[in-house]
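The block underneath contains the structure these notes are about, expressed in structure tokens.
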2 protein chains.
Amino acid sequence: MGFKFEIVKANRISQNIVEQIRSAILEGELKIGDQLPSEKDFSKHFGVSKSSLREAYRVLEAYGLLEIRQGMTGGAFIKEVDLSTVKDSLVNYFFFQNPGLREYTQIRTFLEPQVVRICAEIITDKDIEYLENNILAMEEEPEGETFMSDLDSAFHKKLVDITDNKIISLVVESVQKALINIKRIVHTDQDFLKMVCNGHRKIVSALKAHDPEQASHAMIDHINEVEKGMMASKGGTMIITEKGLLKKNRTSQ
Amino acid sequence: MGFKFEIVKANRISQNIVEQIRSAILEGELKIGDQLPSEKDFSKHFGVSKSSLREAYRVLEAYGLLEIRQGMTGGAFIKEVDLSTVKDSLVNYFFFQNPGLREYTQIRTFLEPQVVRICAEIITDKDIEYLENNILAMEEEPEGETFMSDLDSAFHKKLVDITDNKIISLVVESVQKALINIKRIVHTDQDFLKMVCNGHRKIVSALKAHDPEQASHAMIDHINEVEKGMMASKGGTMIITEKGLLKKNRTSQ
DNA sequence: AATATTAAAACATCTGATCTTTTAATATTT
DNA sequence: AAATATTAAAAGATCAGATGTTTTAATATT
């Protein structure tokens, strides 16, 4: 018998509701800001208990599709999925995949040089001003571990935002975020900071000259230098959650 | 008063539990396969009701961190987050961001030429055989709308897998998945199929010759041709969910 | 007019009972 | 002895309904 049957899973009630609502959103029936009925009304409508409906709401909330507010004017509202939801999902995924520094560096060297190529063509004076201020702030930081990371992220984020490509922004920012977690423990001394500032200066200088080729090279050099700097002080991959928790992961795959 | 206070949100019990368990996972206290206590025991341990604990379990399950099985040997087990969870999250995100065809093409032209550059260096005869069989299968498909997409995905997935970079794989595959949804309605005639096969042939030919430069160019041409082909028949962005539901999104945003 | 109180809507949590699923252990049949 | 059927237990799934908490609108008071 060459038939291929699909496995039938006894669907949970809450899962069924989740799918119905998610479909309604993806089909456009439910728009951002739309309010779903109250727990009481909606559970009655579905003919299920309040607990089942609540579980469905929790899941949709976890997906970032729903915002639930308490109080008289509260309720369940359709929400646009925000970046942090996707990033968290990526962080969870990367935690188990546990990519090496090489993998992060590689995708950066694929994307960011191209990003600054585009930037070189279309960057405005205002953008350049922002980037220069960012470098100044970084140089003035004395031993600014955390702050330096924020400024570093902001620098790269600014560049990718100029390209106006949401997908690339998401990827670059997520990689940046994952890298910060590694950087934070691995290395943050003055030499490292000076090296980063130097790299950023060269990139901005090329952008100012509207020279794509030079900008691209400056970016490649910068990314490779950063990797080298991080390799110098070895260490396992670390992940810092939103709540500031640390995790040293040395699983040998 | 220049102080900056953070907003205090009355945390839900379930959210608190979610964070505790997620932290325990990211800190390495909980490993893949570990079983959490039963609902009854664990809720007693936390000093909360079963409903609150169950809501926490639902959320962790939505994150892809937990697998819950019913029955005598069932329970809640720590699970590795799988690709489909992240992809779904990306689909949700892209739905609202609604990137244009240009954005997909752009990130592809940044990543995939570099991917085949690497492939050209390290590709094996077995890999090439796989790719050639893939092309043959595609050419033999008469009007294989869906199947063609599957083969096309498999082709690009194979290439990116050769690079052995989990991050790039995730990105390329997600973009691929999103594109299929657009392609499926936009265009799938014989000319399109022939054009795709032709592009793939050129890429494989360059890989066979272990010529990175040629492979890269063949890939760039291929991606651009596909975009042109898709632009020809205009249409809104479409999204197909896991369950096969369609959504035409024309929000002018 | 400003402030304080109250009421109501909606979510949050709890208790405890009753299915349903799954599998291990046991009993029955062949 | 082996195959099959039955039973029991563990654990999740669902339900019903009570009670608490938040938030805001309406009202009353100063």
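Since this is a predicted model, take the numbers as computed values, not measurements. Within every chain, numbering begins at 1; the chains are lettered A, B, ... in the order of the sequence lines, protein sequences first and strands thereafter.
- Looking at heavy-atom distances under 4.0 Å, A:R69 makes contact with sugar-phosphate atoms alone, never a base.
- Closest to the side chain of A:S38, from the set D:dA13, D:dC15, C:dA10, is C:dA10.
- As rounded to whole Å, 13 Å separates atom C1' of C:dA12 from atom CG of B:N11.
- Among the heavy atoms of the strands lying under 4.0 Å from A:S52 are primed sugar atoms or P, OP1, OP2 only; no base atom is included.
- OP1 or OP2 of C:dC14 has at least one side-chain nitrogen or oxygen of B:S49 nearer than 4.0 Å.
- For the OP1/OP2 pair of D:dA13 and a distance below 4.0 Å, the side-chain nitrogens and oxygens of B:R54 include at least one atom meeting the criterion.
- Salt-bridge check for B:R58 with B:E61: passed, with a basic side-chain N closer than 4.0 Å to an acidic carboxylate O.
- Atoms NZ (B:K44) and C1' (D:dG12) sit 16 Å apart, rounded to a whole Å.
- A straight line from CD of A:E67 to C1' of C:dA10 spans 14 Å, rounded to a whole angstrom.
- Whole-Å rounding puts the A:I13 CD1 to D:dA13 C1' distance at 8 Å.
- Ring geometry for B:F94 versus B:Y104: interplanar angle over 60°, hence perpendicular rather than tilted (30 to 60°).
- Ranking D:dC15, D:dA13, D:dG12 by closeness to the B:K50 side chain, first place goes to D:dA13.
- As rounded to whole Å, 11 Å separates atom P of C:dC11 from atom CZ of A:F42.
- Each of A:G71 and B:R58 was assigned the nucleotide of DNA chain D with the nearest heavy atom; the assignment lying further toward the 5' end belongs to B:R58.
- Set against C:dT13, C:dC11, C:dT23, the side chain of B:M72 has C:dT23 as its closest nucleotide.
- When Watson-Crick and G-U wobble pairs are counted only if both distances are under 3.5 Å, D:dA26 pairs with C:dT5.
- Between the side chain of A:E103 and the main chain of B:K166, a donor-acceptor pair closer than 3.5 Å is present.
- Using a 4.0 Å heavy-atom distance criterion, A:K40 is classed as making no nucleic acid contact.
- A salt bridge does not link A:D34 to A:K79: none of the charged nitrogens lies less than 4.0 Å from a carboxylate oxygen.
- Residue A:T73 is in sugar-phosphate contact alone, with no base atom involved, counting any heavy-atom pair closer than 4.0 Å across all strands shown.
- Look at CG on A:L36: it is 13 Å from P on C:dA10, rounded to the nearest Å.
- Ionic pairing of A:K44 and A:E39 is not present here: no N-O contact between side-chain nitrogen and carboxylate oxygen is shorter than 4.0 angstrom.
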